[in-house]
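As the structure is a prediction and not an experimental result, all values here were calculated from the model.
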Amino acid sequence: SVVCFYVFYVFFLFLFFFFNDTATTEIYTLSLHDALPIFFDVRWCRRIGEHVASMHNQNIIHGDLTTSNMLLKEDEIYLIDFGLSYFSTKIEDRAVDLHLLKQALESKHYKTAEDAFKEVLEGYRKTAKKAGEILLRLEVVEERGRHKGKGNCNAKKMELAKDKNL
């Protein structure tokens with residue numbers, strides 16, 4: 001039933017954005033991919049973190065968290081394109097979702113990526129039920145990525161994560 005709700009929600013957003021009566025209401029929809037470098041506002045990044053945490057609290061993993069899959073309308077952020085999304089209770093999957101968002105910010109918004117991701121994490125930390133565990137696991141995921149192929153992962157963090165069954 002949660003899947004049905006989110007499918008309906010995404011469909012509703014589609015209808016709202018594209019079939020709203022534009023003669024009486026001006027609709028300003030902009031991909032955040034286009035807006036972030038122009039109109040950077042940390043409130044948006046916190047809201048992104050809150051939205052992602054809310055999804056993760058419902059065990060929904062987006063799978064493609066990029067600013068191209070976010071819409072900005074009237075100072076609100078909407079996540080779209082759930083084509084790669086899935087359900088998971090794994091801390092690892094949530095951390096990887098955040099890691100992909102960080103990589104997307106670094107790739108497309110390199111001038112503001114560091115500040116933007118700090119604010120995303122602030123919003124996430126405020127809203128996510130298991131924020132501490134997830135953010136610890138995010139460090140492990142990032143460390144693993146940094147040392148991929150080098151066989152030189154930070155053993156202490158990996159063991160800590162293993163001890164906590166992350």
Side-chain angles (χ1 to χ4, degrees), residues 1-135 137-138 141-142 145:
S1 75
V2 174
V3 173
C4 290
F5 171 76
Y6 279 99
V7 169
F8 174 76
Y9 179 71
V10 170
F11 181 69
F12 174 77
L13 285 176
F14 174 79
L15 290 177
F16 180 78
F17 282 129
F18 295 103
F19 296 107
N20 197 355
D21 182 9
T22 54
T24 58
T25 309
E26 181 181 335
I27 298 177
Y28 177 64
T29 328
L30 181 64
S31 165
L32 201 61
H33 169 79
D34 300 323
L36 197 58
I38 302 166
F39 310 110
F40 180 74
D41 187 333
V42 295
R43 290 175 302 147
W44 296 345
C45 295
R46 283 190 206 121
R47 289 294 296 151
I48 291 167
E50 292 167 5
H51 287 319
V52 172
S54 295
M55 264 190 337
H56 288 175
N57 288 342
Q58 299 299 316
N59 300 321
I60 298 170
I61 308 302
H62 189 280
D64 193 17
L65 280 174
T66 66
T67 52
S68 296
N69 288 333
M70 298 175 191
L71 294 177
L72 171 65
K73 181 182 183 299
E74 297 174 1
D75 222 20
E76 184 56 70
I77 303 293
Y78 297 91
L79 301 178
I80 62 168
D81 190 0
F82 287 79
L84 297 175
S85 66
Y86 58 96
F87 289 100
S88 175
T89 58
K90 294 179 182 176
I91 299 297
E92 170 84 7
D93 292 341
R94 297 169 193 202
V96 169
D97 224 14
L98 287 170
H99 180 64
L100 292 174
L101 175 57
K102 182 178 183 182
Q103 286 182 319
L105 288 170
E106 290 170 343
S107 172
K108 297 289 184 181
H109 310 285
Y110 56 90
K111 291 180 181 178
T112 57
E114 190 175 329
D115 292 333
F117 195 67
K118 282 180 187 175
E119 294 300 325
V120 167
L121 292 182
E122 188 64 36
Y124 191 86
R125 193 176 286 114
K126 184 174 95 172
T127 308
K129 291 179 182 174
K130 297 180 179 180
E133 293 176 66
I134 295 164
L135 296 180
R137 187 60 177 191
L138 175 60
V141 168
E142 289 175 343

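By the 4.0 Å N-to-carboxylate-O rule, Glu76 lies too far from Lys73 to be salt-bridged with it. Electrostatic pairing of Lys118 and Glu114 counts as a salt bridge here, judged by a charged N lying under 4.0 Å from a carboxylate O.
Across Arg46 and Glu119, no two heavy atoms sit closer than the pair NE-OE1, 2.5 Å. Annotation for Ala128 and Ala53: closest pair N-CB, 3.5 Å, computed over non-hydrogen atoms. Shown here for Ala131 and Tyr124, the closest heavy-atom pair between the two residues is CB-O, 4.4 Å. Residues Glu133 and Ile91 approach most closely at O-CG2, 3.7 Å, considering heavy atoms. Across Leu105 and Ala116, no two heavy atoms sit closer than the pair CD1-CB, 4.3 Å. Contact detail for Ser68 and Ile80: the closest heavy-atom pair is O-CD1, 4.3 Å.
Rounding to the nearest 0.5 Å places OG1 of Thr66 at 9.0 Å from NZ of Lys108. To the nearest 0.5 Å, atom CD1 of residue Ile134 and atom NZ of residue Lys90 are 14.5 Å apart. To the nearest 0.5 Å, the span separating OG1 on Thr67 from CD1 on Ile48 amounts to 7.5 Å. Here the CG-CZ distance, from Asn69 to Phe82, works out to 9.0 Å after rounding to the nearest 0.5 Å. Separation of atoms CG (Leu72) and CD1 (Ile77) is listed at 5.0 Å; rounding is to 0.5 Å. Considering CD1 of Ile61 and CE of Met55, their distance stands at 7.5 Å, rounded to 0.5 Å.
Side-chain N or O atoms of Asp97 include one that pairs as donor or acceptor with a backbone N or O of His62 at under 3.5 Å. No donor-acceptor pair under 3.5 Å is formed between the side chain of Asn59 and the backbone N or O of Phe87. No donor-acceptor pair under 3.5 Å is formed between the side chain of His99 and the backbone N or O of Val141. Put simply, the side chain of Thr127 gets close to the backbone of Gly123: a donor and an acceptor are under 3.5 Å apart.
Using a 4.5 Å heavy-atom threshold, the side chains of Lys102 and Leu138 count as separate. Leu101 has its side chain within reach of Val120: a pair of non-hydrogen atoms, C-beta onward, lies under 4.5 Å apart.
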Discussion item. Show, in sequence, the C-alpha distance, side-chain angles and deciding distance for Leu98 and Leu135, and conclude whether the side chain to side chain contact (heavy atoms under 4.5 Å, CB included) test is met.
Written reply: CA-CA 9 Å; Leu98 287 170; Leu135 296 180; 4.1 Å; yes
Fill in: Check against side chain to side chain contact (heavy atoms under 4.5 Å, CB included), Met70 and Trp44
CA-CA 11 Å; Met70 298 175 191; Trp44 296 345; over 6 Å; no
Discussion item. Go through it in stages, so that I can follow the logic: the residues are Arg47 and Glu50, the test is salt bridge (charged side-chain N to carboxylate O under 4.0 Å, His left out), and I'd like the CA-CA distance, side-chain angles, deciding distance and then a yes or no.
Written reply: CA-CA 5 Å; Arg47 289 294 296 151; Glu50 292 167 5; 2.5 Å; yes
Worksheet entry | Criterion side chain to side chain contact (heavy atoms under 4.5 Å, CB included) on Val96 and Glu92, from CA distance to verdict | CA-CA 6 Å; Val96 169; Glu92 170 84 7; 3.8 Å; yes
